[in-house]
J.: 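I have a structure here, written as structure tokens, and I will follow up with some questions on it.
Each chain gets a letter, A, B and so on, in the order the sequences are listed, and its residues count up from 1. Because only heavy atoms are used, hydrogens play no part in the values below, and waters and symmetry mates are left out as well, while side chains stay in.
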There are 2 protein chains.
Amino acid sequence: MSIPLHTTISETLRSQIEAGDYSPGEKLPSEHQLMATFDVSRITARRAIANLVHQGLAHTQRGKGAFVTSKQKVAYSLSSPLVFLEQDLAQKGVHLSFENLMFREEIPSKQTCAILQLTGQANIYVQKKLLQMDGAAGAVDISYLLSELGQRFAAQLPNNMTFPILEKNNIPIEHISALIECTQADYEMSNYLEVPLGHPLMVYRYTAYSSHHRPILHGETISRGDRFCYVLNTQR
Amino acid sequence: MSIPLHTTISETLRSQIEAGDYSPGEKLPSEHQLMATFDVSRITARRAIANLVHQGLAHTQRGKGAFVTSKQKVAYSLSSPLVFLEQDLAQKGVHLSFENLMFREEIPSKQTCAILQLTGQANIYVQKKLLQMDGAAGAVDISYLLSELGQRFAAQLPNNMTFPILEKNNIPIEHISALIECTQADYEMSNYLEVPLGHPLMVYRYTAYSSHHRPILHGETISRGDRFCYVLNTQR
DNA sequence: AGATTCGACTTGTTATAACAAGTAAGTCAT
DNA sequence: ATGACTTACTTGTTATAACAAGTCGAATCT
């Protein structure tokens with residue numbers, strides 16, 4: 001069984017990257033250079049570069065070229081006691097900032113009603129924030145908050161992360177139930193996070209409970225898989 | 001600014017998938033059908049399908065066609081008390097089996113030495129297993145075990161998961177330190193896990209400690225991002 | 001009834017080609 | 001020194017084309 005040409009070329013380039021011939025951030029040969037070097041068509045050269053992009057080893061920019069990706073993940077701790085994202089990243093020398101994309105009251109979906117244990121005709125507040133790490137888009141946080149809390153802190157929430165505001169106002173989070181999965185960037189997320197379509201994303205889907213096991217906040221943090229990871233410790 | 005044709009087509013197909021026009025497992029229109037429907041070249045039709053594949057919405061098979069992916073993730077619990085993978089999945093009606101790919105003694109890397117706190121010229125046992133869920137490849141587990149444990153349980157370990165063997169032999173795991181990240185499948189992993197190149201994978205990288213905080217096992221479980229997720233509960 | 005073959009359909013690979021759109025460096029005018 | 005313009009290089013989009021390799025169902029043979 002023969003190996004496709006585009007695979008041969010991309011594996012050659014990968015070996016060169018891994019051997020240190022190309023450093024993170026360094027420009028890879030252009031499509032024309034690859035055509036000449038390997039005596040192939042442009043479509044084959046492009047496919048080889050696309051293979052590297054699909055493996056997260058390179059990224060391309062129209063008019064500029066293809067570059068080796070810079071690998072630098074920030075680890076967020078999931079262990080007890082809860083540490084807030086901003087503080088956790090600040091300890092690691094990463095500046096977290098964010099852009100408020102949405103903050104409004106709306107009718108919750110049935111699923112959100114179930115998760116937040118809402119009765120009657122209660123509304124919720126939905127927030128959407130684009131989190132930037134050292135100025136570069138890193139994650140999108142979408143969350144749903146009990147209406148009474150959304151109203152109460154409407155002035156503060158669009159400009160702050162939610163957990164610290166609750167903490168400051170004597171609404172401490174006692175317990176978080178969460179799921180971690182990875183997905184692939186669709187067009188919406190690829191635009192927000194400045195990644196190619198299909199880029200791996202980590203989703204931290206959480207429900208936060210205050211005292212008496214009351215769910216008050218539900219949401220998900222969708223972060224770039226190449227920029228973010230989670231660490232945790234489990235005791236018997 | 002105009003939207004590329006291939007994006008228009010793939011977004012149309014995506015809407016149809018999400019509207020239920022195509023059920024999970026159902027065949028999508030062939031490239032020729034898309035060419036006729038949208039009056040485009042084959043390369044544009046192929047690119048539209050590739051967009052869906054990159055988003056995890058479809059998968060293709062040469063000679064057969066393109067199919068809507070079946071979304072079914074298995075959640076593995078990371079919470080205390082530790083539950084072993086086999087039992088956890090069995091409770092969810094998923095049969096876990098595995099194929100032993102490697103079990104041998106070797107000289108550890110410097111990194112593995114540091115993690116397992118090895119002194120002198122100690123060796124370790126490396127194991128590689130392909131985990132199958134209901135017969136389909138779901139994860140690859142690669143782990144490094146203290147040499148004395150590898151030797152002692154050499155007959156049992158290739159045919160069993162490691163944690164239960166240690167438990168049965170009074171070497172209980174007291175604490176696990178772990179990192180969760182996602183990556184993209186390279187050629188090796190795409191072959192093992194039967195996914196396209198670049199498919200998102202979840203990596204659970206762990207170090208397990210026995211009594212007296214002694215690290216005895218280090219490894220990583222690399223699982224298909226479309227088949228697997230983690231759930232956890234965090235208390236204050 | 002089962003095995004084999006064949007034809008049609010399907011995706012995968014590789015080629016040539018033209019034009020669009022973005023970037024960067026050099027040149028020129030102010 | 002700065003801004004505008006030009007040129008060259010780069011990736012992105014879309015087209016046509018041919019052949020390879022896999023799948024499936026129908027027809028034929030044993």
J.: Answer with yes or no whether the side chains of Thr12(A) and Ser15(A) bring together a donor and an acceptor at under 3.5 Å.
T.: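 No - no donor-acceptor pair under 3.5 Å links their side chains.
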J.: dA15(D) phosphate, OP1 or OP2: any side-chain N/O from Thr44(B) under 4.0 angstrom?
T.: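 Looking at the OP1 and OP2 atoms of dA15(D), one of them is under 4.0 Å from a side-chain N or O of Thr44(B).
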J.: Just how far, in rounded Å, is C1' of dG12(D) from CG of Leu197(A)?
T.: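 From Leu197(A) CG to dG12(D) C1': 14 Å.
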J.: Run the salt-bridge test on Glu220(A) and Lys129(A) with the 4.0 Å N-O cut-off and return the result as yes or no.
T.: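 Salt bridge: no.
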J.: Mind calculating the distance between CZ (Phe38(A)) and P (dT13(C)) to the nearest angstrom?
T.: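 Value for this atom pair: 17 Å.
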J.: Salt bridge or not between Lys128(B) and Glu106(B)? Use side-chain N to carboxylate O under 4.0 Å.
T.: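 Result for this pair is no, no salt bridge flagged.
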J.: Write down the distance between CG (Leu5(B)) and P (dC19(C)), rounded to a whole number of angstrom.
T.: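 Taking CG of Leu5(B) and P of dC19(C), I get 18 Å after rounding.
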J.: I need the CD1-C1' distance between Ile43(B) and dT16(D), as an integer number of Å.
T.: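 So the CD1-C1' distance, Ile43(B) to dT16(D), works out to 10 Å.
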J.: When you check every protein heavy atom under 4.0 Å of nucleotides 5-11 of chain C, what one-letter string (B, S, -) results, 5' to 3'?
T.: -----BB
J.: To the nearest Å, how far apart are His6(B) NE2 and dG12(D) C1'?
T.: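 My rounded result for the distance is 8 Å.
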J.: Using the side-chain hydrogen bond (donor to acceptor under 3.5 Å, both in side chains) rule, take Ser109(B) and Thr112(B) through it: C-alpha gap first, then chi angles, then the decisive distance, then the call.
T.: CA-CA 5 Å; Ser109(B) 69; Thr112(B) 303; 3.0 Å; yes
J.: Just by distance, do the side chain of Ser23(A) and the backbone of Glu26(A) share a donor-acceptor pair under 3.5 Å?
T.: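 The answer is no, because no donor-acceptor pair under 3.5 Å joins these two groups.
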J.: In whole Å, what is the span from the CG atom of Asn51(A) to the C1' atom of dT13(C)?
T.: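 Rounded to whole Å, this separation is 12 Å.
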J.: Do Tyr125(A) and Tyr144(A) have ring centroids that are under 6.0 Å from one another?
T.: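 They do not qualify: ring centres at least 6.0 Å apart.
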